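Accompanying notes for the structure given below.
Note that the coordinates shown come from a computational prediction; the quantities given were computed from them, not determined experimentally.
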Amino acid sequence: MRLSWFLLLVTLLLSGLSNFGAAAHYGEQPLSRIAIEKATFALRASAYAFAFPTMLGLEGQNSEWITLEYSTPNPSDSDWIGVFSPANFSGSICQPENKRVSPPLLCTAPIKPKVITISNTIAFENPKAPLYPRLAQGKCWNEMTVTWTSGYDISEAEPFVVWGRIEEDQIQTPAGTLTFSRNSMCGPPARTVGWRDPGFIHTSFLKDLWPNSVLGHKKFDGSYDISQMYSFRSPPYPGQESLQRVVIFGDMGKAEADGSNEYNNYQPGSLNTTNQLIKDLENIDIVLHIGDISYANGYLSQWDQFTSQIEPIASTVPYMMGSGNHERDWPGTSSFYENMDSGGECGVVAETMFYVPAENRAKFWYKTDYGMFRFCIADTEHDWRPGSEQYKFIEHCLASVDRRKQPWLIFLAHRVLGYSSNSWYAEEGSFEEPMGRESLQSLWQKYKVDLAFYGHVHNYERTCPIYQNICTSHEKSHYRGPLNGTIHIVVGGGGSSLSDFTSQPPRWSIARDLDFGFGKLTAFNHSSLLFEYKKSRDGNVNDSFTISRDYGDILACTFDSCPRTTLAS
């Protein structure tokens, strides 16, 4: 949903603040040093700020650049221009309630001391227009879901998707509508200073697929509000032997395309990752973003920014989500970790904004099949240990796949449940999320999981095929026959500030890279798989390996992977 907005020209009255545009490192932002409690109005008749065009979307476009003209009689390096949305915000509820809520405290957007001038208001021709379509796989292989955001409640208009082959009769499928209120948030800032009306989230389920679709709303006065045309490819059926290409990463977030700053601006690689995926979109079939999605951290307007940023990708190929600490964690809400990383969202926003084929969307674990792949996506913000509900799901997901049809079995989770030589894991002495592989490695081995992917740690790392800390192969690039273990891959460099490694790599660490990037799997057929790690800055391949094997290699026995046999004949 689009809301009106305006700009302020302000100046800073802070001692010792030099080189305002640069931060010492990604974790320290200049805006964090601003004392909002000292803000004053000092409007000057000779200062002005004018933004144009004043009405956006006159030709039906979803995004548009604005130009700002401004002037102040005494310009300074410490002057700052801020964007505020909605334009009629109120600071009346903006009080800090915990340590995660710190200045600036104006609702939905930051402000600095000494307001010099206020611009005109910018509005939208169609503030309720359907926006940000995002595809996801449904609960069966031939079902696609389309989710989008609009300003239309079901009391105003009926949401629907028109889809099918262009040359044939089109199918109109209705959509369900969800939203959430301030009271759905579990704490601040999401419940207070970060709150912003999300509009309405619509999801339609398309079955027996053909590509191409249009989003729309039929108003009760008989008129229609229709989006532009979007195209997508129908997914392959389980076992279909065709070229299948999968991109996997975590911890991307969002960033400002115009180079401006923001309060939680610590995802410097986000735009590079997004732009590389857009550039290579014809060679991508499905995307898996395994947690730490937008880093809104309770400032809900940033979810609109994120869904806008990924729209060229998510409107073309399925964009599948995993849950991370920055989506789910909040004390007293049944999350496995009792921290405040979600900023009070406690999973509600992510679970509403994006569809996943989970039995219960509050429990973000699920399976999804794509041709020759079976993906088992875990939720590390809920208990995964033996005896838990999620552990039973993980075993069923791994056990129920037909490896003749889907030879490539992939496990994914946000936190590193396998292996990582990240510095803080090393300091704990575990080289993993505590209780991770101790709980799950017997399942990975028993069901012969090929690859396990993780985010959370903001770098890239690949292990040897491994079981119980022992490499089961000394090959590094071209694996043939049984792996006898699982290759663990950290792809948490999607965009957020980077995480350091230990100075000395462990013996199981084959490749490490302290940079932004993403992983890509290419299945050529039932016997040949290619993995590539690509740099976000230029798309170049920095690390890769291949797996070549037959079905008999999957059946082959290795340590702890086969049932008992008998001497009887």
Side-chain angles (χ1 to χ4, degrees), residues 248-251 290 376 378 380 384 394 398 408-493 498-515 517-519 521 529-533 541-549 553 556-561:
I248 305 173
F249 59 87
D251 306 74
I290 47 177
C376 298
T380 56
W384 63 78
I394 293 171
L398 300 177
W408 309 115
L409 180 56
I410 316 296
F411 176 83
L412 305 99
H414 177 63
R415 294 175 187 260
V416 182
L417 301 183
Y419 296 82
S420 167
S421 62
N422 173 64
S423 58
W424 78 69
Y425 281 146
E427 289 170 2
E428 293 175 349
S430 61
F431 291 94
E432 58 152 351
E433 195 69 32
M435 303 176 289
R437 62 177 177 267
E438 293 86 353
S439 300
L440 297 173
Q441 64 183 347
S442 61
L443 293 183
W444 298 329
Q445 190 73 356
K446 178 179 180 180
Y447 297 108
K448 301 171 184 175
V449 172
D450 297 308
L451 310 174
F453 287 91
Y454 312 101
H456 196 57
V457 173
H458 304 162
N459 55 40
Y460 168 76
E461 186 167 21
R462 169 170 67 96
T463 75
C464 58
I466 191 170
Y467 177 55
Q468 294 181 342
N469 291 312
I470 303 297
C471 291
T472 58
S473 171
H474 296 294
E475 176 57 49
K476 295 184 178 181
S477 300
H478 302 289
Y479 300 99
R480 295 182 178 277
L483 290 175
N484 297 328
T486 299
I487 298 173
H488 297 260
I489 304 173
V490 175
V491 282
L498 296 171
S499 304
D500 291 330
F501 291 107
T502 58
S503 57
Q504 183 66 31
R507 64 183 182 275
W508 40 256
S509 183
I510 300 299
R512 306 197 301 184
D513 186 45
L514 189 63
D515 202 356
F518 53 92
L521 290 171
L529 182 73
L530 167 67
F531 171 79
E532 298 169 296
Y533 163 65
V541 177
N542 183 260
D543 182 39
S544 66
F545 65 86
T546 60
I547 301 175
S548 300
R549 64 160 187 232
D553 297 319
C557 291
T558 186
F559 321 104
D560 293 346
S561 70

Note: Glu432 and Tyr425 closest approach over all heavy atoms is O-CD2, 3.0 Å
Would you mind telling me which of Trp444, Phe453, Tyr447 makes a ring-ring contact (aromatic ring centres under 6.0 Å, His included) with Phe411?
-> Trp444
Please tell me if the side chains of Phe545 and Arg462 come closer than 4.5 Å, counting only heavy atoms from C-beta onward.
-> yes
Minimum-distance pair of heavy atoms, taken over all atoms of Gly485 and Gln445 = CA-OE1, 3.6 Å
Side chain to side chain contact (heavy atoms under 4.5 Å, CB included) assessment of Ile487 paired with Tyr479 | CA-CA 11 Å; Ile487 298 173; Tyr479 300 99; 3.8 Å; yes
Mutual orientation of the aromatic rings belonging to His488 and Tyr454 [parallel < 30°, tilted 30-60°, perpendicular > 60°] | parallel
Side chain of Gln504, backbone of Pro506: donor and acceptor closer than 3.5 Å?
-> no
Quick one: sort the Phe531 and Tyr460 rings into parallel, tilted or perpendicular, breaks at 30° and 60°.
-> parallel
Approximate separation, where rounding is to 0.5 Å, of Glu433 CD and Leu440 CG = 12.0 Å
Contact check, side chains of Val416 and Asn422, non-hydrogen atoms, under 4.5 Å | no
Note, Leu529 side chain near Leu521 side chain (heavy atom, < 4.5 Å) | yes
Does the side chain of Thr558 reach to within under 4.5 Å of the side chain of Thr472, using non-hydrogen atoms?
-> no
Taking the side chain as every heavy atom from C-beta outward, state whether Trp408 and Ile547 have any pair of such atoms under 4.5 Å apart.
-> yes
Within the side chain of His414, is there an N or O that forms a donor-acceptor pair under 3.5 Å with the backbone of Ile290?
-> yes
Taking atom NE2 of His478 and atom OG1 of Thr546, what is their separation to the nearest 0.5 Å?
-> 5.0 Å
Knowing that exactly one of Val541, Ile489, Asp513 qualifies, which makes a side chain to side chain contact (heavy atoms under 4.5 Å, CB included) with Tyr533?
-> Asp513
Kindly indicate whether the side chain of Thr486, heavy atoms from C-beta on, has any atom under 4.5 Å from the side chain of Gln441.
-> no
dist Ser421:OG -> Asn459:CG (nearest 0.5 Å) comes out at 7.0 Å
Can you find a pair of side-chain heavy atoms, one from Arg549 and one from Asp450, that are under 4.5 Å apart?
-> yes
Search all heavy atoms of Phe559 against all heavy atoms of Asn484 and return the closest pair with its distance.
-> CD1-O, 4.3 Å
Contact summary for Asp251 and His456, nearest pair of heavy atoms = OD1-N, 2.8 Å
Polar contact flag, side-chain donor to acceptor under 3.5 angstrom, Asp500-Ser423 = no
What pairs meet the disulfide (SG to SG under 2.5 Å) rule with one or both residues in residues 408-464, with sequence neighbours excluded?
-> Cys464-Cys471
